[in-house]
2 protein chains.
Amino acid sequence: MVLKLLGDKTRLAMMKLLEKNECCVCEFVAIFGISQSAISQHLRKLRDVGLVKENRKGQWIFYSLNKGSDMHGLVMKILELVPSQEERIAELEKQGLRVSCG
Amino acid sequence: MVLKLLGDKTRLAMMKLLEKNECCVCEFVAIFGISQSAISQHLRKLRDVGLVKENRKGQWIFYSLNKGSDMHGLVMKILELVPSQEERIAELEKQGLRVSCG
DNA sequence: ACAGCATATCAGCATATGCTTATATATACA
DNA sequence: TGTATATATAAGCATATGCTGATATGCTGT
């Protein structure tokens with residue numbers, strides 16, 4: 001269930017980041033400071049219910065919000081109320097950890 | 001956190017019922033078929049974060065949505081997308097289990 | 001083919017969660 | 001005061017959840 005998935009603070013922050021950015025697994029790892037395995041498992045849950053979609057670019061897999069999801073409207077309303085996470089992206093850039101291949 | 005609380009199907013259904021009705025603990029017990037204790041614990045969680053408020057009427061305590069909650073707007077948006085639970089109230093009435101003390 | 005990096009999956013563990021039963025508290029009424 | 005009803009709290013249990021470390025898979029470049 002979508003609300004249960006968004007009830008986890010890490011997943012909610014991931015979704016907020018994906019609202020404005022495409023991100024790959026290793027970026028989330030750098031941002032959240034948890035294992036690559038944990039990030040991958042969160043993304044799988046989000047993908048399994050169709051909230052995000054993946055887009056492979058070479059060795060990276062970029063995730064983005066799935067705007068075609070049934071729940072997309074609700075998700076956007078919820079994300080509106082979540083504080084911006086853009087500083088985390090800025091921090092990544094500053095550390096030179098942003099993966100942009102595009 | 002609000003989303004986590006609403007991520008539980010019982011609590012979400014309780015909130016949907018409270019959208020249109022004031023309900024007491026024993027009504028929820030009849031509706032959901034779980035113990036009085038379990039219902040009471042769900043209500044406590046909802047009350048602790050301010051989503052619902054209580055209103056004692058004699059030996060009953062009636063719960064209702066707390067419209068003054070910071071999260072009330074979000075909650076209403078979410079509840080719009082939850083299927084109506086009004087048949088459950090109708091069922092209660094039919095069984096003569098509705099507690100109305102006006 | 002091989003090494004290196006990114007990602008996914010598996011197995012196991014600690015904690016959180018939702019439930020139950022038993023008990024305590026609060027109100028109503030005889 | 002005593003009994004019945006409604007609700008709250010405490011203790012314990014089974015399952016779910018989120019994490020880690022180890023391993024598998026997939027792509028890249030040599």
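Hydrogens, waters and symmetry mates are skipped; everything else that's a heavy atom, side chains included, is used. Just so we're on the same page: letters track the sequence lines, and every chain starts at 1.
Among the atoms of the strands shown, only primed sugar atoms or phosphate atoms (P, OP1, OP2) are found under 4.0 Å from some heavy atom of A/Y63. Across all strands, B/E54 comes closer than 4.0 Å only to sugar-phosphate atoms, never to a base (heavy-atom distances).
Note on B/I61: it clusters hydrophobically with B/I31, by side-chain heavy-atom contacts below 4.5 Å among ILVMFWY residues. Both B/Y63 and B/L92 are assigned to one and the same hydrophobic cluster, defined by single-linkage of ILVMFWY side chains at heavy-atom distances under 4.5 Å.
In this structure the side chain of A/I78 never reaches within 4.5 angstrom of the side chain of A/V2, judged on heavy atoms. With contacts defined as side-chain heavy-atom distances shorter than 4.5 Å, the pair A/D8/B/L3 does not qualify. At a threshold of 4.5 Å between non-hydrogen side-chain atoms, the residues B/M76 and B/E19 count as touching.
Pairs of residues two or more places apart, or lying in two chains, that qualify as side-chain hydrogen bond (donor to acceptor under 3.5 Å, both in side chains) and include a residue from residues 25-41 of chain A are A/E27-A/R98, A/S37-A/Q41. Screening residues 62-90 of chain A for salt bridge (charged side-chain N to carboxylate O under 4.0 Å, His left out), with sequence neighbours left out, gives no hits.
Atom CH2 in B/W60 sits about 11 Å away from atom P in D/dT5, given to the nearest Å. Atom CZ in A/F62 sits about 14 Å away from atom C1' in D/dC27, given to the nearest Å.
Near-neighbour residues of DNA chain D inside residues 31-40 of chain A, defined by a heavy atom below 4.0 Å, number-ordered: A/I34, A/S35, A/S37, A/A38. Residues of residues 8-21 of chain A that place a heavy atom closer than 4.0 Å to DNA chain C do not occur.
Remark: side-chain polar atoms of A/K16 are paired, donor with acceptor, to backbone N or O of A/V82 under 3.5 angstrom.
Applying the salt bridge (charged side-chain N to carboxylate O under 4.0 Å, His left out) criterion to B/K4, with sequence neighbours excluded, gives no partner residue.
In plain terms, the two heavy atoms of A/L12 and A/L6 that are nearest each other are CB-O, 3.6 Å. Among all heavy-atom pairs drawn from A/F28 and A/L17, the shortest one is CE2-CD1, 3.9 Å.
Between A/R56 and D/dG26, a side-chain N or O to OP1/OP2 separation shorter than 4.0 Å is absent.
Nucleotides of DNA chain C lying under 4.0 Å from heavy atoms of chain B occupy a range whose first and last members, 5' to 3', are C/dT17 to C/dA28.
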